[in-house]
Every structure is written in C-alpha cells, then in structure tokens.
Amino acid sequence: MTATATPETIRERREGAIVTLTIDNAPVNAMSATVIRELRDALGRLAVDPAARVIVFESAVPGFFIAHVDMRLGEQMDVLGPLSESTPDGTNVFQAVGEQLRRQPQVTIVKLAGIARGGGAEFVAAADITYAGRSTGQLGQIETLMGIVPAGGGTQYLLERVGRHRALEIILTGDAVDADTAAAFGWINRVVPDDELDAAVARTARRIADLPDGVIAATKRILQPETPLKGYLREEEEWAALIKRPAAAHLMSRSLKLGAQTVASSFARGRSPPHLPACESIIRGGQELIATREICHVEVTHYRAAGGTPNSRVPRSRRVLLSLAVHRPASRGAAPETFLARPRGSSCTCRSKAAKTGHPRS
Amino acid sequence: MTATATPETIRERREGAIVTLTIDNAPVNAMSATVIRELRDALGRLAVDPAARVIVFESAVPGFFIAHVDMRLGEQMDVLGPLSESTPDGTNVFQAVGEQLRRQPQVTIVKLAGIARGGGAEFVAAADITYAGRSTGQLGQIETLMGIVPAGGGTQYLLERVGRHRALEIILTGDAVDADTAAAFGWINRVVPDDELDAAVARTARRIADLPDGVIAATKRILQPETPLKGYLREEEEWAALIKRPAAAHLMSRSLKLGAQTVASSFARGRSPPHLPACESIIRGGQELIATREICHVEVTHYRAAGGTPNSRVPRSRRVLLSLAVHRPASRGAAPETFLARPRGSSCTCRSKAAKTGHPRS
Amino acid sequence: MTATATPETIRERREGAIVTLTIDNAPVNAMSATVIRELRDALGRLAVDPAARVIVFESAVPGFFIAHVDMRLGEQMDVLGPLSESTPDGTNVFQAVGEQLRRQPQVTIVKLAGIARGGGAEFVAAADITYAGRSTGQLGQIETLMGIVPAGGGTQYLLERVGRHRALEIILTGDAVDADTAAAFGWINRVVPDDELDAAVARTARRIADLPDGVIAATKRILQPETPLKGYLREEEEWAALIKRPAAAHLMSRSLKLGAQTVASSFARGRSPPHLPACESIIRGGQELIATREICHVEVTHYRAAGGTPNSRVPRSRRVLLSLAVHRPASRGAAPETFLARPRGSSCTCRSKAAKTGHPRS
C-alpha cells in the first residue's frame, strides 16, 4: 500500500544503513489505525530497500512507547477497513503487524524507554531485539483487564519467549512488568541503565549495520520465525467471542468515558486530569501510579494533615495527599483499589483550585 | 471418581472464586495413594464448578510442600489400583496427576514455602503458576538417586521450562535447588521474600479471580498445553526397566529401612531420630542438613571439644557436634558424605541420653 | 575411525568412571582438523566403553577453551577430507562434532575457564552441561564478523537455549558474552566464582558418575535431543553462498595475514606481537583487550606522559600507554575502534626495544 501523504505518526530518519522510525502519536502513542497504516507503509517500503540494514524503533512521547491499541479504533474504520482486508492468510490486522515485523528483512531493534502495553507489548515481542531502560521501560499485557484477550499475536510471542507459566501469569494478571523482570523472564533482550540506553542501542545498530554484505539476510533466513497459525486462529476466535459480551463493551466504553487516555496523558505531561484539583501532590501521586497501574479513573479519597492525623479537620493549606483511589478497569463492581501514593516531601498547595472545585472529603 | 468420605489429606476452603487446597499428610506430605485420589477427586469436582476460578495449593506441614512420592505405595494398591486403571491414554497414574493439573479449567497456583522433591517437584512444574519463598521454597528431582528416573511427567515439564541442558543437570545430580536458582532457571515463576509470599499469592489469585467472565477460560484455551505423549511413554518404559533392577529395589528398601521419612520428619519436628542421641547439636545439625540434602541415614561421626581440639578425650559435657555423616541414597558402596554441620553456638547437653545409648566414637 | 597414533591435541585421563579430555592445541586451541579428528576418535571409542559415565572437557591453554575454528583449515584437507566424507546424513563436518556430542552416551560437561568463540562456542552449546568461571569464561559467536554465518550447528543450539531474539543479537553482534550474561541467557548452565570452578565441575561429575547402573543412559534416552536437520541445511547453504563472496575471503585472509592468531596468542603468552614494541604497557593492555575483543590487528596510537599530558614530547622512560587501536575484522573500511587500554599502574619500560623498532608517533 503506497503512502500518498506525509506520515503523521511515524517519522523517519536515516544514517547510512540505519533507519530510525520514531512513533509520535501524542498523548500516549496509542496504536491507532493511522499508526498501523503508516507502519505498514514504512516497513513495506524498507523491505525492498537493500541499502537499509537495521531499523530502530523509538518514541517521541516521553513516558510511553506504545501505550495500547487505540480504544477508538471503531471510529477509524475508513482507515482500518482496507488494512484488515489485506492481511496474510490466517491473520487479523493486529497479528499482521507482528508478522510483518517478524519477517522484515532488516534487523528490527526497539529502544524501550517508556510504557508498552497491550498491542504495544505485542509490537515489542515481535521485533527482533529490544533493549529497555531500567526505570523507564515497562511492559504489560493488559487485555484481560478489559474483558478480552490479546489477539495481536501476543499470546504466541510470549509463549515463545517466556514459557507457558509466565505467559499465563503476565496475561492473566495484566500487571505492569518492569525492565529487570522482563529481561530476567526473557521477554526482552536486555535491560540497561536509563542513561546508557541510547548508546547501547546505537552501538548494536552500528555493529550490525557494519556487517559485510549478505550476512544479515543469511542469518535471518537461517533463523526465520515459524508462523503460529493455530495460535493466531485461537486468539481471533476467543477475542471475537468475548468482544460481543456486555462486560467487554462496558469496560471499554467506561474506560473511554472516564478518559483513561486523558488521565494517563495528563499525568504524563505533569498536569492534573480535568476532574481533579490542580494539586502538586495529586500530580506526583498520579505520576507514580501510571508507572505501575493501568489507570482508568482517579479520585482523591482523603487527606491527612502533615504530621499524621488522618482525616482531621485542618486547614487545607496544611493538608497533604494521602491516597489516590484507582478504579481498575476490570473491577467487577468491587471497591476501587486504594494505593498509598504520597509523593515524598509533598505538601498540598492547591488553595486556589480547591476553592473552585472543592476537595472531596474535606 | 466420587469422594464418599471426608478427605483425610486435602483440606478445602473457599473465598468467593478462590479455592485453596491445603495438603496435609504429616510428617512430610509424602504423595500417598490417598493424596493422589483426594487430589483427583477435588480437581475433578472443581473442573465442573464454574464459580471456581482459581485454585491455590499450599501445605499444612511446615518445611515441606510435597516431600516425594510415598515410598510405601506398594502397600497401598487397594487405593492405587483403581486410580491406575482410569488414567488418560498413554499416561501412568503419576503423569495423570500432571495432566489433570495442566488441563484444569481453573488457574492453578502453588504457594511453595517448603520442600518439593520427586513427585512433588513434578506437581509444581505441572501447575500453571508457582511463587516460592526465598529461603523456604526448594525443589529437587531426586529419582535418579533412588536408581530410577522421574516418571510422572517431570522430565518433560523440566525440558519445557528450563531446557535440555538444565533438565539433565537437575535430574542427574538430584541436587536440591533453592528458590532463587529455580526462578533464574525458569522452573518456577517467581521467588519472593518469605514474609511476602502469602500476600503475593493472595494478590495474584485475587487479581485473576476478579477478571470478567470468560476471560480465564479463553486464555487457557489459547495457551492450552501440548501433551508430551512420546516423552511420557519413554519415562514409563525406562522407569519400568530400572525398577526391576536389584539396585533400585535395594536403595528404596534400604531407604525405607533406615527410615528416610522418619529421619527427615523427626528433624523437621525438632527431635532426634530414634537411633541417635537426643542432643541439641544433632537436632540442629540435622535440621540444617534436611534443608539441603536428601537424607537417608544419619550418624554422628565425631566430636570435638569446644575450643578446637578434634577428637580429644574430654568430658562429654564439654563436647560439641562437629559433623554428621549422611549416607546419600545412591552411594554405590562409597563412603558416606560428611558434612560440617555444627550449629552456631551449640553445645552438647545430652549427658542423660548418652548414658543410655552411648555416643559413637566417644 | 581408529586412532593409530598418540593424540597430539587431546589428552585423556581417567578416574574411575570420569574421563577428562584436555584440549591442548597451543597457542589458542584453534579447532584444527587434527583436533576434530582426535575428538571424533576419543568420543567414538568412549561411546562403546560402558565403564565411562561422564566426560569432562577442559583446556590446557590458559585464557582459551577453543578460540575458534582454525582459519588455516584449507591447508589441512588431507585430514579434513576423510572426516567430511563420513558425517551423519545432512550434516557437515562441524555440525557432526555437535551431533556426536549431543548423542554421546556419557554425560558431557564443559569446564569453561577461557574464551570459546565460533566453533568453540558451538562445542559448548552442544555439550550437555557447562559451568563457567565468572571472569575467566567467555563465549562469542563471531562468524558474522568474518563475513560468514555459524555453520556448525550454533544457530540451532542457540535458538534452543536462548530463544530467537537473543540468538539474533548474539550472532549478529558477534560480541563477547561474559559468563554471568551467558548464564542469565541460559546459554550455559551456571556461572561460578573462578576459584570454585574446578570443585563445582568435579562435584557434579562425581555425583553423576556415582549414579546406579542404567540411570544415566535411561535419562539421556528420555531427553534425547532432536536433530535440527532443516536448520543444519540452512546453515550449510547460507555459509556456502557467503564463503564464495570476495568479502569473506578478504576478511579471513586479511585476518590471517595480520596474524590474528599470532596477535592473540602472543598476548596470551605475555609477549608483544612481533610488530609492536616489547613494552609492559602494551602487553597488559593487549591482554585486557583479548578478553573482550576479537583482535585482528593492534597498533599503538599514542602515548601520554604519566600525570596527564596527552601526546607531549616527553622522554620515553616516562611514557605510559594510553590506547590500543583494534581493527575489528569486519570493519568495512571504517576507522579502527579505539579502546582505552591502560593497565593499572603501568609505566613504559621499553627503552631498549624502542631504540630498535621505534615507537609509533613518538
């Protein structure tokens, strides 16, 4: 499929044989239909460009590599439709992303310095090599929390890399997995200190790009991947059955309504989500949480005064945040999980905003 | 097979969708025919109970999860016989335990806070997820030390999880493997600090149990295990040939005669085995050893005086234990391995018992 | 194939059921045609010796286990030819080494206390069990740096042990991999402190050798390896196509011309290569580099005076080595990589040799 316009979400730059594709779809690099199309175009074009030997994937959005597949894909059928009609036999449009990566002639390297969840984690697991920053990189296979299952190849790629027992744990808990654990599991190649990530990726890309002619292609042919056709079919069948259920529709629509993407992106940009006070404590607490939780909705549950008296009636100027309640998307009517999210040394300085919105439970 | 009486060895409790099965077959949770039958009954009943979503396995016996298959199974044919006649095609009664676990609709989680060896290690490797306590959890595939081979699926589950090179090492050394090494190998999912194990298992169980309807079953169908039929047959053939050999019969009968289960269980309960003096040093030395060795027989080889003179003729009241000799089950006539097992700060206070039995080599 | 003469490169000693084969082909234990023939003879003889139960492989050459396949094999066709004509169907003479190891009745254990690269790394990955010294053991799959691909089974053994993503990274970077990383990847079984390696290997060998009759053979039959025939064929095809290319011939001939084996072996024996001054700093710097780099050619690029002034004109007696430039074999015309290789506390004491050869860039 030819690109007839300047890409909106994938920027390309080139240094000799090394191509860098930068994903830029603020606020969280959701994998929208446009991202899928522009990836497919770029990879398709590079597949027949023998001068390109290595492709590095990185993100322009701080804190996120690819947060997840865009929950608004249903509104993007004009773009998604044609993509879905031209996938390899036996694959859906998301598995086709993985298949294209796995069969790409170039060596594909992901520089993971942010969150990759759902379809983003599938992307990482389909690429040849991934290096993650120790505290910045993070993975999570979160589909079950939304009432569905991974259906972009993720179950198969995880099975291949970490084994059935860890694949089940990762998929069924939907937990965020930090870079050290991901490397220990074999989900990614390596974890490196945050400030060494750029250099590590650049060195490996350069070393591989400098190989003599024919060697990369020969190696990739010897180690060509198998296509897990039976697994892809199972993913598609199970996903199709679950997506019809009220729970999935409800969870995804509730998630959208509560603005999951807005909540996470607000915190990522150092702001409070619109429905909360613009309070430093809340912002920092929220930032700590998005590093470890799939946030659907956040509310401040209570304050305590500096010095330790919970819930006392003290002037707002002396209150600090004690906790943020996070509604996990798949809670089946259960009480929201409450996390202690008190930024170190924080104090609440939100007198002005509070006067307008009112702190809950003051 | 229906249970017509209250289970003796498997206790069940339930908290919503989470079922906990507690294995209680003191002194060491040997996997007896009754344990096998009660497990099969419980799992069979739960398999058709859609309200149950997660099964957690734990032990009521401190220090042990499942020490090994009961060496007295030959005396339990009234129970074992019927179980052996109703196994899936191509499996023996031990492999059937593994197959049932692997195909169980619920997610199975083992809380490993004790020793799991032989058939116990096979049970762990057949369950979906295992978390182990850092110093309490321990695994070992010890069948070769008894002159046979694992024949309950263990060779296949190890091959799947840790690879051929580590499977060979684990099976042929029969060594005890601590929780950190087991996690690094991928034999289990995770190792956690001892005091965090309960919470970690509970959290994962809760998180999975809270998933929307249909998601667990869908995920388990996508990631259904393969049945390693060829491997099961090879296990059965090789085991059947070895069990006929004099060595195996001799080792197992010697092990029973010397009371391996009695020795280990005595130490586990803070007592000296009947054939040794009731001496604090011996008890503590033995407890250290059972954490790391498959003990067949223990004898005290010599004393040294507090302060460092080996083997001197000093009054018993001033002697401390220097070493325990452990006869490893499969030693082919070799001298017993001697371990330095001197509990820190111990002194021998067994004047009274010694007067009756006499310390060896006084 | 019967050995009619005393082996030149493989020494054998025996202690009961444990056979130790010591590889001794100074200066770097290159895998020459003679080494291949003598290994094949020894393993073939031992395969029908039921009293032998364990084979330990070690090296007599400090710093090296098997540095790589001998680059002069083309000159050894009188020995290599007959070996190549008698390989198992579908394998070349190098894959036949791996196949023989994998199917050997005895348990094979590699004691890795040196560098194993290329064919040496393939040997390690084909053996049953490998323990490596933490700072002495090292692996590398370096064929791509020479313009070819591993064709001795290495791609398949790596795929089996570390997964496709890490196999691609290891093979395409050709990087030296230290023992801790190799163990974390699962390439080898274990890493142990250098001073514990002998004891660890001896203990495991003894423990396995002491198993009752029939147990080792039974276990190895249950866990017999698959023969990756398709992968072997792909290796052979791709290698055969690449070896014809000018680049490969050039790189290997250049490597030979510059005396890669001579450079590395000189440093390993505590000497400067013939084309460099006989200077302590150079020797120590070179020794540090051969532990981490595939050295093709070394030149001293500049000096700095003790105390910090780069490139000043100071008397030679006060100069210390600042860097060694290493030409990586596969650099496609790029500038040589320069490494800081200044041995701690070194000072240059080469007044006499310098007078004869002259230091570069004095």
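In this text, all values refer to a predicted model and were calculated from it rather than measured experimentally.
Atom CD1 of residue I170(B) and atom CD1 of residue I129(C) lie 10.0 Å apart, to the nearest 0.5 angstrom. Between the OG1 atom in T219(C) and the CD1 atom in I171(B) there is a gap of 6.5 Å [rounded to 0.5 Å]. Rounded to the nearest 0.5 angstrom, T173(B) OG1 and D210(C) CG are separated by 12.5 Å. Within the model, atoms CZ of R207(C) and CG of D175(B) stand 4.5 Å from one another, a figure rounded to the nearest 0.5 Å. To the nearest 0.5 Å, the span separating CG on L145(B) from CG on L211(C) amounts to 6.5 Å.
The shortest heavy-atom contact between P212(C) and G147(B) is CG-CA, 3.6 Å. Smallest separation of non-hydrogen atoms from D213(C) and L242(B): O-CD2, 3.9 Å.
Among the candidates A183(C), A127(C), A125(C), the residue making the largest number of heavy-atom pairs closer than 4.5 Å to chain B is A183(C). Interface check for chain C: of the options V149(B), T181(B), L172(B), L233(B), the most heavy-atom pairs under 4.5 Å are formed by L172(B).
Residue F185(C) does not touch chain B at all, counting heavy-atom pairs closer than 4.5 Å. When heavy atoms are compared at a cutoff of 4.5 Å, I109(C) does not approach chain B at all.
Atom CD of Q224(C) is surrounded by more than 12 heavy atoms from other residues, nucleotides or ligands within 6.0 Å.
Within residues 156-166 of chain C, the residues that have a heavy atom under 4.5 Å from a heavy atom of chain B are R161(C), listed by number. At a heavy-atom cut-off of under 4.5 Å, chain B is reached by R102(C) from residues 94-105 of chain C, listed in order of number.
The closest side-chain heavy-atom distance from R190(C) to E169(B) is below 4.5 Å. Put simply, the side chain of R221(C) does not reach to within 4.5 Å of the side chain of R234(B), judged on heavy atoms.
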